Every structure is written in C-alpha cells, then in structure tokens.
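Presented below is the structure to which this report refers.
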Protein chains: 2
Amino acid sequence: MLRPTTKDLAKAAGVSLATVDRVLNGRPGVREETVTAVNTAITRLGFVRNLSAANLARSRVYRLAFLLPAEGDQFLATVENHIVEAAKSFETEGIQVSLRRVLGKDPHQIATLLATITPDDLDGVSILAPESPQLRDATARLRERGVAVVRLLAGVAQADGTDVVGIDNRAAGATAARLIGRFCAASPGQILVIADTMNARDSVERRQGFDRVITHDFPGMVALPSLETHGDPERTRAILSNSLANHPGITAAYVLSAEARLPLEVLAQMPGPVRRVTIAHERTAFTERLLLGGGLDAVIAQNAGHLVRSAIRVLRARCDGRAPIASQEEIRIEILLPDNLGNAAHQGGLRLASSGGA
Amino acid sequence: MLRPTTKDLAKAAGVSLATVDRVLNGRPGVREETVTAVNTAITRLGFVRNLSAANLARSRVYRLAFLLPAEGDQFLATVENHIVEAAKSFETEGIQVSLRRVLGKDPHQIATLLATITPDDLDGVSILAPESPQLRDATARLRERGVAVVRLLAGVAQADGTDVVGIDNRAAGATAARLIGRFCAASPGQILVIADTMNARDSVERRQGFDRVITHDFPGMVALPSLETHGDPERTRAILSNSLANHPGITAAYVLSAEARLPLEVLAQMPGPVRRVTIAHERTAFTERLLLGGGLDAVIAQNAGHLVRSAIRVLRARCDGRAPIASQEEIRIEILLPDNLGNAAHQGGLRLASSGGA
DNA sequence: GTGAAAGCGCTAACAG
DNA sequence: CTGTTAGCGCTTTCAC
C-alpha cells in the first residue's frame with residue numbers, strides 16, 4: 001500500500017479527521033486517551049505527514065525579507081543576485097522573498113527600522129548588519145512580536161535564540177593563517193593584516209583565529225597590527241605604503257574584510273621586491289579575476305547561494321516552529337584556488353546534460 | 001491581491017479550468033488561439049504555478065533508488081549515511097528514496113541488473129559505478145524505458161543525455177597539485193602518486209589534472225608514475241617501500257582514490273627522514289582524524305550530503321521533464337585543512353539556536 | 001476542442 | 001471533547 005493518509009489514521013484510530021488533525025498539530029482539547037490512540041495508529045501505520053498538502057490547506061504563504069546594508073561593493077552585489085535567484089525558485093513553494101537595501105551604518109537607524117516590522121508585514125527577516133546592542137535588542141523584540149529572525153554572516157547564535165547563518169569567522173581566520181604559513185614556508189616573514197574596520201565582531205574573530213594559528217604553528221612569522229582602511233582610498237594608500245616602508249620583511253598579506261577590492265587594488269600598486277603571498281575573503285568578480293591572474297594566492301569564501309538558501313530554509317522552519325536540519329545548514333568555509341573555481345568562472349560545459357530527461 | 005490561481009486564469013482567459021491546465025502542461029488538443037489567450041493571461045496576471053498543489057493533485061510519488069557498489073570502505077559508508085538522512089527529509093515531499101548496495105565489479109553484472117529495472121519499479125536511479133561501455137549502454141536503455149538516470153561521481157555527461165553529479169575530477173587533481181606544489185616550495189622533489197587502480201576514468205582524469213599543474217607551474221617537481229594498490233595490503237606495502245627506496249628525493253604523496261585509508265596507513269608505517277607533504281581525497285572518519293593529527297596536509301573533498309541531495313533534485317527534475325537548476329547543482333571541490341572542518345568534526349556548539357523560533 | 005465535477009491530503013470553521 | 005463539511009490550487013476523468 002501507498003503512504004497512509006490522515007483518513008487511514010482516522011479509520012485505524014476510530015476517530016474523525018478533525019481529531020487526527022488536532023493530534024497531529026498538537027492542538028488542545030483532545031482526551032489523553034484519544035491522543036495515544038491516534039499516536040499508536042501513526043507509528044503502527046508508519047504515517048508520514050504530507051507537508052505540501054498541509055500548506056495548501058492552510059494556504060500558507062511565507063513572507064520573508066532580506067534586510068541588507070544600503071551601501072556595499074561586490075560581495076553584497078553577489079549576495080543580492082543570489083537572493084533574487086532564490087526568490088524565484090522558492091516562489092513555487094509559496095515562499096515570497098523580498099530584498100530591501102535599507103540598513104545604514106547607525107545602529108539606531110537599524111533598530112528604528114526593525115521596530116516598524118510586524119507579523120502583519122512579514123513572517124521572517126534575515127538581517128545583514130554588524131553586531132550592536134541596539135540590534136540585539138531590536139531582533140529580540142521582533143521575535144517576541146512573532147517575526148522569525150536570522151542573522152546573516154555576522155552575529156552570535158544561541159544567546160537569545162536567534163539563528164546565525166554564515167561561517168565560523170574564527171575558523172575562517174585560522175584557515176587563512178594556515179594557508180599563508182604553508183605557502184610562505186620558504187620565506188617566512190611579517191604579515192600585513194588589512195581590514196575595513198576592526199570594530200566589527202566578525203573582523204575581530206577572524207583576526208583572533210588568524211593569530212592563534214600563526215603564533216602556535218608558524219613561530220617564524222609575525223602578524224602585524226591590523227590596518228584599517230575605513231573604505232577610504234587615500235587613507236589606504238597612506239597606511240599601506242607606510243607599513244611596507246617600515247617593515248621590509250613583509251612576505252604576506254591578509255585582507256580580512258568581505259569587500260577586498262580597495263585594499264587589493266592599492267596593494268597591487270605598491271612596489272615590492274618580493275612576490276607577496278596574498279589571501280582575501282569572498283568570491284567576487286574581482287577576487288576571481290585576481291586569483292586566476294596570479295595576483296591572489298587563495299580566497300576564503302562562503303558560498304553566497306548556500307548562504308541565502310540556508311537563511312530561507314531556516315526562517316521557514318522557524319515560522320513552522322520546526323527546528324532546522326543543522327547538518328544541512330552548516331555553511332562551509334571554502335578555499336578557492338585558481339583550479340577549483342568551477343564552471344561559473346571559466347569553463348563552458350556543465351556536467352548536467354543539456355537536453356530533457358527520461 | 002494574493003497570488004493568482006488557475007481559477008483566475010480561467011476567468012481572465014474566458015476558458016475553463018481544464019483548458020488552463022492543458023495549456024499549463026503543454027498537453028495537445030487546444031486551439032492555437034486559446035493557447036495564446038491563456039498565455040497572455042498568465043503573463044498579464046503574473047501567474048506562478050503552485051507546484052505543491054500540482055503534485056498533490058497528481059498524487060505523484062517519486063520512487064528513486066541509489067545503486068551503490070556492494071563493496072567499499074569509509075567513503076561509501078559516508079555516502080550511505082547521507083542517503084538515509086536525505087531519504088527521511090525528502091519523504092515529506094513525496095519522494096521515496098531507497099538504497100541498494102548491489103553493484104559488483106563486473107560491468108556485465110551491472111548491466112544485467114539495470115536491465116531488470118522498469119518504470120513500474122522506479123522513476124529514477126542514481127548509479128555509482130565505474131565507466132564502461134556496458135554501463136553506458138544499460139543506462140541508455142533505462143532512459144529509453146522511461147527511467148531517469150544520474151551517474152554519481154563518475155561518468156561523462158552530455159554524451160547520451162545522462163546527468164552526472166560530482167566534482168570535475170581533472171580540476172580536483174589540479175587542485176591537489178597546486179597545494180602540493182605550494183606546500184613544498186621549500187623542498188621541491190618527487191611526488192608519489194597512489195591509486196586503487198588507474199583503470200577508472202576518474203582516476204585518470206585526476207592524474208591528468210594533477211600532471212598538468214605540476215608540469216606547468218612547478219617545474220622543480222616530478223610526479224612519479226601512478227602506483228596501484230588494487231586494495232591489497234601486501235602489494236601496497238611492497239610497491240610503496242620499493243618506490244620510496246628507489247626515489248630518495250620524494251617529498252610529497254598524492255593519494256587519488258576515494259578510499260584512502262589503505263595507502264595512508266601503509267605510508268605512515270614507512271620510514272622517511274623527511275616529513276612528506278601528503279594529500280588525499282574525500283572526507284571520512286579516517287582522513288579527518290589524520291588531518292587533525294597532522295598526518296595529512298589537506299583533503300580534497302566533495303560534500304557527500306550535497307552530492308546526494310543534488311542527485312535527488314536532478315532526478316526529480318528529470319522525472320518532471322524539467323531542467324535542473326545548474327547553478328545549484330554544481331558540486332564544489334572542497335579543500336579541507338585542520339582549520340575548516342567545521343562543526344561535525346570536533347566542535348560542540350552549532351551556530352543555529354537550539355530553542356524554538358518565533 | 002472544451003467544460004463540469006470529483007478528488008489529492010490536509011486544515012479550519014462550525015456544529016454538536 | 002469530537003465530528004461534519006467545505007475548501008486550498010491543481011489534475012483528471014468523463015461528458016458534451
């Protein structure tokens with residue numbers, strides 16, 4: 001026989017469909033006895049609930065939104081593209097995903113904005129913004145109001161029950177350090193560490209992971225104090241040329257911010273007798289090109305597509321009061337070399353057959 | 001207004017539900033005129049089809065099976081685990097996934113087995129077996145009979161329209177070579193290359209990719225001829241000790257087969273004055289432990305969970321006559337270092353919140 | 001060629 | 001506390 005349905009359950013347990021439904025959804029108002037009767041039938045028949053049918057009956061639509069910074073460079077654009085793509089493919093499943101580039105730099109602005117969101121507008125939001133007390137507060141309120149929340153990329157999980165989708169930044173920093181250490185085996189020296197700003201929690205964590213590995217496993221190398229570009233080309237030029245002049249023993253550079261273009265472009269213009277080992281974060285058109293051209297030795301990345309789809313799945317699960325499948329939602333720290341960039345980068349042939357199937 | 005339904009379409013186009021359905025599913029027997037009328041309504045209303053409802057109405061169940069080798073070591077076990085896990089989570093979507101460890105080493109046995117499968121048993125199969133003319137033939141027949149087919153890990157795409165889910169093995173070999181080359185910068189020398197057998201297409205491709213990069217980018221190094229273990233411990237010991245004795249300049253080892261335990265264990269027992277840079281494929285309990293313990297410098301892996309879920313999604317799409325979403329189904333070549341193994345390996349805390357959501 | 005009506009598995013008012 | 005009934009959006013006979 002095919003999969004048993006609620007009807008079969010009702011018959012087996014000697015109750016009506018409505019009662020089966022009540023038990024299935026843990027709704028109150030059913031005698032303990034009947035509950036067990038139904039549950040027995042469930043296990044006996046090996047009943048598995050048909051979620052699509054349930055959602056159809058509920059005519060449930062999930063209204064989700066991604067709230068992103070208003071300003072950003074290539075990485076943000078990549079994330080955006082994946083959101084748009086994912087929005088399309090989730091639409092058939094009754095999940096409406098919108099995208100709003102509204103978050104400013106001021107934590108208060110962000111908090112004020114979040115305060116306007118209610119369950120009438122949205123069922124869940126995914127927020128990409130730096131950690132701040134205001135933000136933590138605002139997300140807690142949002143959740144109390146009944147809006148599911150996940151933090152994208154940056155944030156601390158578990159503290160208030162808000163999920164975080166993104167890589168472990170300490171591990172990412174450690175990975176960068178390991179690569180630099182190994183790549184510099186023949187020429188250990190000083191390491192330039194460059195960030196947008198070290199005020200962001202994720203930057204600090206990356207730096208911590210980085211330092212741990214360098215100190216512990218590569219005693220011949222020294223990671224210099226972090227330089228902060230603040231996104232300013234002039235300043236970047238100044239601090240980099242200054243640092244390179246002061247430290248002739250620099251053999252490597254680590255750019256730990258998500259937007260690596262500015263420091264990498266400036267770095268490329270600096271004179272340097274030795275070829276420096278350089279590692280940056282996130283796959284963008286820019287880092288990809290540099291990697292293929294030999295101007296970058298490795299890229300530490302998190303797959304933006306996975307990131308977005310994972311955030312959507314987690315939100316959906318939370319909307320239903322379900323727990324996400326942790327093993328599926330873990331975002332891997334990818335190491336990209338010129339050789340494992342995959343199709344998107346430079347090859348023509350997909351491994352999927354181009355024509356229709358069976 | 002909420003998302004328009006078929007009913008709205010019918011009204012807008014001045015036809016019945018049945019006709020809308022015929023157009024939606026490209027069924028014959030509709031006047032050209034009415035077809036365009038419906039299509040106009042579709043675009044005008046921005047109609048998006050509700051797939052769950054469609055599947056419910058069809059009471060479509062997808063019966064898929066993974067056909068795996070009867071014999072294998074840890075990597076196969078990992079794949080198996082993921083199949084079982086995926087089977088559970090896809091069950092709610094009406095996708096029944098079974099697992100059969102039935103494939104032997106003989107291509108004819110495999111072909112004979114595939115010949116017994118009909119659309120009455122299964123809607124799609126995912127086959128993990130080495131390339132062979134018999135297999136290609138058998139899969140082609142299967143597809144003709146109306147059973148969707150994807151090849152797992154090994155195979156050639158597009159040739160007969162059969163999809164292949166797995167990494168690009170040439171790129172994987174190239175990635176291994178790049179890492180070995182860079183890690184050996186201070187001590188270039190000869191590289192031991194070890195395989196189960198070089199009769200498998202994927203082994204050959206990895207070797208090709210490996211050689212290309214070594215030759216082109218690391219002229220100071222030499223990749224020795226491939227040694228074949230044939231899964232035999234005695235033989236492995238003999239050929240390895242022989243090779244190490246003959247080539248005192250060996251500074252690296254590349255194990256290119258999916259099951260790396262045997263050669264790595266034997267290699268560990270071999271005396272060696274210099275610490276060798278060692279790289280192997282696939283994440284298993286064994287390679288993970290070795291990586292963390294420093295006995296392995298990197299692991300080139302394909303995420304078994306993605307692999308399995310991707311195979312299922314592709315089969316499902318083909319069953320429906322849809323094209324899979326290529327960007328989502330590309331399997332990344334992961335590089336694993338001790339630092340980016342992630343939660344599963346050694347950490348306790350998940351980044352997902354442990355308690356219920358909004 | 002096209003339409004009417006029943007039903008997929010489940011939920012959500014209502015009655016009782 | 002429990003059952004009846006009418007759908008959710010789409011497909012599928014079977015008539016017309």
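All values below come from the heavy atoms of this structure, side chains included, with hydrogens, waters and symmetry mates left out. Chain letters run A, B, ... following the sequence lines, proteins first, then strands; residues in each count from 1. Since the model is a prediction, treat every value here as computed from it, not as a measurement.
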Could you tell me whether the side chain of [Y] reaches within less than 4.5 Å of the side chain of [X], counting heavy atoms only?
{"X": "B:Asn303", "Y": "B:Glu334", "result": "yes"}
{"X": "A:Arg313", "Y": "A:Gln328", "result": "yes"}
{"X": "B:Leu114", "Y": "B:Ile127", "result": "yes"}

Problem - A:Arg100, CZ: over 12 other non-hydrogen atoms inside 6.0 angstrom - result: no
Problem - Start and end of the DNA chain C segment that chain B contacts, any atom under 4.0 Å from a heavy atom - result: C:dG1 to C:dG9
Exercise for the section: Output yes when a side-chain donor or acceptor of B:Asp121 lies under 3.5 Å from a complementary backbone atom of B:Thr118, and no otherwise. Expected result: yes
Handout entry: Any donor-acceptor N/O pair, B:Arg143 side chain to B:Ala148 backbone, under 3.5 Å
Key = no
Practice task
Mind listing the residues from residues 31-48 of chain B sitting with a heavy atom below 4.0 Å of DNA chain D? Number order is fine.
Solution key: B:Phe47
Fill in the blank from the handout: Ordered by number, residues from residues 18-29 of chain A within less than 4.0 Å of DNA chain D (heavy atoms) are A:Ala18, A:Thr19, A:Arg22, A:Gly29
Problem - Which residue lies more 5' along DNA chain C, comparing B:Gly14 with A:Lys7 via nearest heavy atoms - result: B:Gly14
Practice task
Rounding to 10 degrees, work out the angle separating the end axes of the helix from C:dG1-D:dC16 to C:dG16-D:dC1 (five pairs an end).
Solution key: 40°
Rounded to whole angstrom units, what separation is found between the [atom1] atom of [X] and the [atom2] atom of [N]?
{"X": "B:Arg60", "N": "D:dT11", "atom1": "CZ", "atom2": "C1'", "result": "13 Å"}
{"X": "B:Asn50", "N": "D:dT11", "atom1": "CG", "atom2": "P", "result": "9 Å"}
{"X": "B:Leu9", "N": "D:dC10", "atom1": "CG", "atom2": "C1'", "result": "11 Å"}

Practice task
Run the salt-bridge test on A:Glu80 and A:Arg101 with the 4.0 Å N-O cut-off and return the result as yes or no.
Solution key: yes
Problem - Cationic N near anionic O, under 4.0 Å, A:Asp123 to A:Arg316 - result: no
Atom pairs and distances, side-chain donor-acceptor, residues 46-58 of chain A, under 3.5 Å, sequence neighbours left out:
{"from": "A:Arg49", "atom 1": "NH2", "to": "A:Asn25", "atom 2": "OD1", "distance (Å)": "2.5"}
{"from": "A:Asn50", "atom 1": "OD1", "to": "A:Ser52", "atom 2": "N", "distance (Å)": "3.1"}
{"from": "A:Asn50", "atom 1": "OD1", "to": "A:Ala53", "atom 2": "N", "distance (Å)": "3.1"}
{"from": "A:Asn55", "atom 1": "OD1", "to": "A:Tyr62", "atom 2": "OH", "distance (Å)": "3.4"}

Practice task
Determine which pairs satisfy salt bridge (charged side-chain N to carboxylate O under 4.0 Å, His left out) with at least one residue from residues 81-95 of chain A, sequence neighbours left out, and list them in order.
Solution key: none
